[in-house]
Protein chains: 2
Amino acid sequence: MASRRKVGNLLALAVLSAVVQRPMHPYEVASVLRSRGKGEDMEIKWGSLYTVVGNLAKHGFVEAVESERAGARPERTIYRITDAGRAELVDWASELVSTPQPEWPRFKAGLSVLAALEPDEALEMLRRRLHALDAGIADLRAALDRHRREVPRLFLVEDEYEIAVREAEAEWVRSLVGELSSGSFPGLEEWRRWHAAGGAPTGGAGQAGAPSPADRGEADR
Amino acid sequence: MASRRKVGNLLALAVLSAVVQRPMHPYEVASVLRSRGKGEDMEIKWGSLYTVVGNLAKHGFVEAVESERAGARPERTIYRITDAGRAELVDWASELVSTPQPEWPRFKAGLSVLAALEPDEALEMLRRRLHALDAGIADLRAALDRHRREVPRLFLVEDEYEIAVREAEAEWVRSLVGELSSGSFPGLEEWRRWHAAGGAPTGGAGQAGAPSPADRGEADR
DNA sequence: CGCCGTATGCTCGCAAACGAGTAATCGTAT
DNA sequence: ATACGATTACTCGTTTGCGAGCATACGGCG
């Protein structure tokens, strides 16, 4: 059936976007990405890099050009992008840009088990996030302003996007923190009581007069 | 050295949050998650489920309770959460909520190679995303309103978050689409010209009087 | 009352992902 | 000149992730 993309790792996208400029050997790809700032976030995994380049080669998106042996250094295999590779890059980019996919960012996962924390604890953690977010946004902004002088806007849209999203997140967290600390969050008392009683309300099921979708009937038969 | 979490897969978090309610066998865990709506997004991977439960057991976060054999059905191993498991759940949730991590959502990856598309193509893809986003947000809202009647707010914060973020994204995309279609996006003409000339401007390097951080000297020596 | 479709519950084995290790070379301070 | 740390470039072996397949049991209908 083969998953949608023959090489599905996003690192592969980054590799393609590097070798489309000029032929390179894998380590050089890594340097280029790092210098573009991808390295810090995407945390290049050395193991993966060579696996991914190998797979790209296997599927004909890149091909080995020469095995240069400069000096007596370990042999460096230089790869060049193929027409298929260029096509894949364009097609993949189009898909990523045009089609929103359901994602599970770590924060959303955390929120989905928020009930596992006591209310006060949850509030404290949200406050910490808020501080970190505010600081992070300031950093992003500063970095963006620095880059604007050197790099055309086209290559900075991802950073602008990141800032926009982080800001929305910060606003949302701020308002939740507000509700929790003022006590206006509905159900706060029940939440507190469940924890005091030792019960761990971690599902949508079984409390407060709620038949809820979880009682759909696959309990045990 | 062991990575931060002994079992790092987010599916493990979901498993813990299910078995904390009552002991269950893996398949039942999957049903519960699916009924909570995690299934659709998180797309439960059968292979991973058993691997993850096994790992949780290996590290003492859950333990096998009984190997029930109802009727003559295949043996079902029921797992119960341990104290260590409960602690892990709380600790993990706290971390996820309190600490923003750099993430690479697929859209951001797409934006980072936006220059690989021709401007008109990019504009078209962004328009498609915008439509999909608007529709998706409406659906999320409708689903949320339905759930509100049955489930306490506490279990819906993740959905509220999702909506807030998607909305910010839609707004951002809308404004970018505006700039591109009105032609006010700076550098649009250069972008068009590069493509017409067959050059693929996919790095921050080498154009428009920009020394740029990519020319850092790892060219080839 | 036998047969087929569907739900349940899990196993197996490949393949991707990764991290730590290795080995050469280069810059540089002594 | 030479030793030492940093950088370059890659390899290897161990998890982890996951899809497809398998086996049992139940329900309903012809």
Side-chain angles (χ1 to χ4, degrees), chain A residues 1-15 18 23-35 39 42-59 64 66-79 104 216-221, chain B residues 1-15 18 23-35 39 42-59 64 66-79 104 216-221:
Chain A
M1 215 90 310
S3 66
R4 183 80 181 73
R5 298 276 158 201
K6 291 174 184 163
V7 185
N9 197 320
L10 284 184
L11 181 55
L13 183 78
V15 169
M24 288 183 204
H25 53 101
Y27 193 92
E28 197 184 352
V29 170
S31 312
V32 168
L33 295 181
R34 228 186 296 136
S35 77
M42 214 169 207
E43 222 24 87
I44 286 154
K45 326 283 181 142
W46 289 110
S48 305
L49 178 61
Y50 288 86
T51 312
V52 154
V53 170
N55 287 349
L56 285 173
K58 195 170 72 194
H59 293 288
E66 41 172 338
S67 260
E68 194 187 60
R69 182 195 291 282
R73 306 252 232 77
E75 204 167 355
R76 301 180 303 177
T77 311
I78 296 186
Y79 292 88
W104 272 84
R216 217 197 55 208
E218 65 285 299
D220 218 61
R221 167 167 14 206
Chain B
M1 216 89 310
S3 67
R4 184 78 182 74
R5 299 275 158 201
K6 290 173 184 163
V7 185
N9 197 322
L10 284 185
L11 181 55
L13 184 77
V15 169
M24 287 183 203
H25 53 101
Y27 192 91
E28 196 184 352
V29 170
S31 313
V32 168
L33 296 182
R34 230 186 295 136
S35 76
M42 213 170 207
E43 223 25 85
I44 286 155
K45 327 281 182 141
W46 288 109
S48 304
L49 178 61
Y50 289 86
T51 312
V52 155
V53 170
N55 286 350
L56 285 173
K58 194 169 74 193
H59 291 289
E66 39 172 339
S67 262
E68 193 186 60
R69 181 195 293 280
R73 308 251 234 75
E75 205 167 356
R76 301 181 304 177
T77 311
I78 296 186
Y79 293 88
W104 273 84
R216 218 197 54 208
E218 66 283 305
D220 218 63
R221 165 151 4 158

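Chain letters run A, B, ... following the sequence lines, proteins first, then strands; residues in each count from 1.
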Original post:
Nearest-Å distance, CG (B:Asn55) to C1' (D:dT16)?
Top reply: 8 Å
Original post:
How about B:Leu11 and B:Lys45: do any of their side-chain heavy atoms sit closer than 4.5 Å?
Top reply: no
Original post:
Are any of the side-chain heavy atoms of A:Val53 and A:Val29 separated by less than 4.5 Å?
Top reply: no
**OP:** Report the nucleotide, chosen from C:dA17, D:dT8, C:dC10, that has the shortest atom-to-atom distance to any side-chain atom of B:Trp46.
**Re:** C:dC10
**OP:** Whole angstrom is fine here: how far is it from OH in B:Tyr79 over to C1' in C:dC10?
**Re:** 11 Å
Original post:
Between atom OH of A:Tyr27 and atom OH of A:Tyr50, what is the distance when rounded to the nearest 0.5 Å?
Top reply: 8.0 Å
**OP:** Would you kindly give the CZ-to-C1' distance between A:Arg5 and C:dA16, to the nearest whole Å?
**Re:** 18 Å
Original post:
Is it true that a side-chain atom of A:Ser48 and a backbone atom of A:Ile44 form a donor plus acceptor pair closer than 3.5 Å?
Top reply: no
Original post:
Can you tell me how far the CG atom of B:Leu33 sits from the CE atom of B:Met24, to the nearest 0.5 Å?
Top reply: 8.0 Å
**OP:** When you get a sec, tell me which of D:dG17, C:dC10, C:dA16 is the closest nucleotide to the side chain of B:Val52?
**Re:** D:dG17
Original post:
What is the distance from CG of B:Asn9 to P of D:dC18, rounded to the nearest Å?
Top reply: 7 Å
Subject >> Interatomic distance, A:Lys45 NZ vs D:dT14 P [rounded to whole Å] >> reply: 21 Å
Subject >> Under-4.0 Å side-chain N/O to phosphate OP1/OP2 contact, A:His25 with D:dC10 >> reply: yes
Original post:
Has the side chain of B:Thr77 got a donor or acceptor atom sitting under 3.5 Å from an opposite partner on the base of C:dC10?
Top reply: no
**OP:** Give the rounded distance in Å between these two atoms: OH of A:Tyr50 and C1' of C:dG19.
**Re:** 14 Å
Subject >> Residue B:Lys58, side-chain heavy atoms: nucleotide from D:dG17, C:dG19, D:dT16 that is nearest >> reply: D:dT16
Original post:
At under 4.0 Å, does any side-chain N or O of B:Ser48 touch on OP1 or OP2 of D:dC18?
Top reply: yes
Subject >> Candidates D:dC18, C:dT8, C:dA17 - which lies nearest the side chain of B:Tyr27 >> reply: C:dT8
**OP:** Whole angstrom is fine here: how far is it from CG in B:Leu11 over to P in D:dC18?
**Re:** 9 Å
**OP:** Figure out the CG/P separation between A:Leu49 and D:dC10, and round it to whole Å.
**Re:** 9 Å
